[in-house]
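What follows is a short report on a single structure.
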Amino acid sequence: LERQIASGFNQVVVLGAGLDTRAVRKPVVGITYFEIDDGATLRLKQSCYQRHGVPADMRFIPGNYVTDGLIDLLCKNNFNFDVPTYFIWEGNTMYLPLETSKNVMAQIRTHVRRFRLSFDYMSDAVISKTTGDAGITTLVESFENMGAPWLSGIRDVQALAKELKLTVIENFKTAELHQTYWPGRPLASPIFHFYSLCTMEAAPKPRQ
């Protein structure tokens, strides 16, 4: 996030924001944060900020970016499609059908003049329970039993980017990040060999 802001991305959109607190932990003059999620979730977060006197300078957008339409939600909340924008999309793609995730990415590519999009995803082997690790299969089934099943993973993120006319800027397995930032600490679960973080972008569109 800090690197993208320093690179000139002056709007930040957090899709399915939940209780993410980046907007209050990393406020920057001139940067506008937009958070999209269920209205009740955003009201809970806003009330917590108010109760504890935490300045919260962001635009809460209540709604479902899939069923209500991401672009419509942004249009109704003074989003500027010509301003370079960084999209953060965490903890969402595995809960959506892959075609739905691709549609969200395509909407961003079509309507936002310049952007970068960071998202996390599971390998398709996790979803199909073919990793060969019984513990990972048990984890997948535990989410199913909670009524929050993981629906899709990505086999080849480069192929996905090519299909969507996007370019992969970064792609890391979380196991690699663990080794970089927590060297010497044991990996808590083999799932991190199948769980990745990716950043994509498209060539900027010319101004109309």
Which heavy atom in Ala56 sits nearest to a heavy atom in Val24, and how many Å separate them? CA-CG1, 3.9 Å
Beyond-backbone contact of Ile191 with Leu139, side-chain heavy atoms, under 4.5 angstrom: yes
Go through the structure and list residues passing side-chain contact (heavy atoms from CB on, under 4.5 Å) with Asn64, not counting sequence neighbours. Val66, Thr67, Asp68
Rounded to the nearest 0.5 Å, how far apart are CG of Leu15 and CD of Glu35? 10.5 Å
Would a 4.5 Å heavy-atom cut-off, applied to side chains only, mark Ser101 and Trp89 as touching? yes
Quick check against the 3.5 Å criterion: does Glu201 have a side-chain atom that pairs as donor or acceptor with the backbone of Thr167? no
Just so I know, are the side chains of Leu70 and Gln107 near enough to count as touching, which here means a heavy-atom distance under 4.5 Å? yes
Pair Lys102, Glu99 - check salt bridge (Lys or Arg N to Asp or Glu O under 4.0 Å), show working. CA-CA 5 Å; Lys102 291 188 331 189; Glu99 287 303 315; 2.9 Å; yes
Nearest heavy-atom neighbours spanning Pro97 and Ser152: C-OG, 3.9 Å
Measure from NZ or CZ of Arg114 to the centre of the six-membered ring of Phe81 and say whether it is under 6.0 Å with the direction within 45° of the ring axis. no
Find out whether Phe60 and Lys45 are in side-chain contact, i.e. whether some heavy atom of one side chain is under 4.5 Å from a heavy atom of the other. yes
Side chain to side chain contact (heavy atoms under 4.5 Å, CB included) between Phe87 and Val112, worked out: CA-CA 11 Å; Phe87 288 83; Val112 183; 3.9 Å; yes
Are more than 12 heavy atoms, taken from residues, nucleotides or ligands other than Glu170, located less than 6.0 Å from that residue's CD atom? yes
I'd like to check Phe34 versus Met58 (side-chain heavy atoms, cut-off strictly below 4.5 Å). Are they in contact? no
Non-hydrogen side-chain atoms of Tyr95 and Phe143 separated by less than 4.5 Å: yes
Starting from Val14, can I reach Phe119 by hopping between I/L/V/M/F/W/Y residues whose side chains sit under 4.5 Å apart? no
Before accepting this row, confirm whether a basic side-chain N of the pair Glu2/Lys26 lies closer than 4.0 Å to the acidic partner's carboxylate O. yes
Count the heavy atoms of every other residue, nucleotide or ligand shown that sit under 6.0 Å from CZ of Arg25, and state whether that count exceeds 12. yes
Under 4.5 Å between side-chain heavy atoms, counting indirect links through other Ile/Leu/Val/Met/Phe/Trp/Tyr residues: same cluster for Ile88 and Tyr33 or not? yes
Can you tell if the side chain of Ser123 reaches within under 4.5 Å of the side chain of Ile154, non-hydrogen atoms only? no
Gap between atom CD of Gln4 and atom OG1 of Thr85 - 0.5 Å precision: 11.5 Å
How long is the straight-line distance from CG of Leu117 back to CG of Leu164, given to the nearest 0.5 Å? 10.0 Å
Using the salt bridge (Lys or Arg N to Asp or Glu O under 4.0 Å) rule, take Glu144 and Lys129 through it: C-alpha gap first, then chi angles, then the decisive distance, then the call. CA-CA 12 Å; Glu144 294 173 354; Lys129 305 177 188 176; 3.4 Å; yes
Write down the atom of Asp120, the atom of Gly91, and the distance for their closest heavy-atom approach. OD1-N, 2.8 Å
In chain order, what residues pass the salt bridge (charged side-chain N to carboxylate O under 4.0 Å, His left out) check against Arg22, with sequence neighbours excluded? Asp20, Glu90
On a heavy-atom basis, which atom in His111 and which in Ile71 lie closest, and how many Å separate them? CD2-CG1, 3.5 Å
ILVMFWY cluster, Ile169 and Leu197 together (side-chain gap under 4.5 Å): no
Is it the case that one hydrophobic cluster holds both Met105 and Phe79, taking links as side-chain heavy atoms less than 4.5 Å apart, direct or via other members? yes
Looking at Asp72, I want to see if its CG is surrounded by more than 12 non-hydrogen atoms of other residues, nucleotides or ligands under 6.0 Å. yes
Heavy atoms of Cys198 and Val157 approach each other most closely as SG-CG2, 3.8 Å
Does Leu73 share a hydrophobic cluster with Leu96, counting links as ILVMFWY side-chain heavy atoms below 4.5 Å and allowing steps through other members? yes
Pairing donors with acceptors under 3.5 angstrom, does anything connect the side chains of Tyr65 and Asn92? yes
With under 30° as parallel and over 60° as perpendicular, where do the rings of Phe192 and Tyr195 fit, or are they tilted in between? tilted
Are Thr32 and Asn10 side-chain neighbours, meaning at least one heavy-atom pair lies under 4.5 Å? no
Taken to the nearest 0.5 Å, the spacing of Ile36 CD1 from Ile61 CD1 works out to 4.5 Å
Taking all atoms of both residues into account, what is the closest heavy-atom pair of Pro84 and Gly8, and its distance? CB-O, 3.5 Å
Among Asn171, Leu160, Leu98, side chain to side chain contact (heavy atoms under 4.5 Å, CB included) partner for Tyr121: Asn171
Drop me the distance from Leu1's CG to Ser118's OG, to the nearest 0.5 angstrom. 9.0 Å
Are Tyr86 and Phe115 near enough that their ring centres are under 6.0 Å apart? no
Between CD1 of Ile136 and CD1 of Ile127, what distance do you get to the nearest 0.5 Å? 11.0 Å
Partners of Ser47 by side-chain contact (heavy atoms from CB on, under 4.5 Å), sequence neighbours excluded? Leu44, Arg51
Between Arg185 and His178, does the side chain to side chain contact (heavy atoms under 4.5 Å, CB included) criterion hold? Intermediate values first, please. CA-CA 8 Å; Arg185 290 179 60 171; His178 184 283; 4.0 Å; yes
When you measure from the side chain of Thr180 to the backbone of Glu176, do you find a donor-acceptor pair of N or O atoms at a distance under 3.5 Å? yes
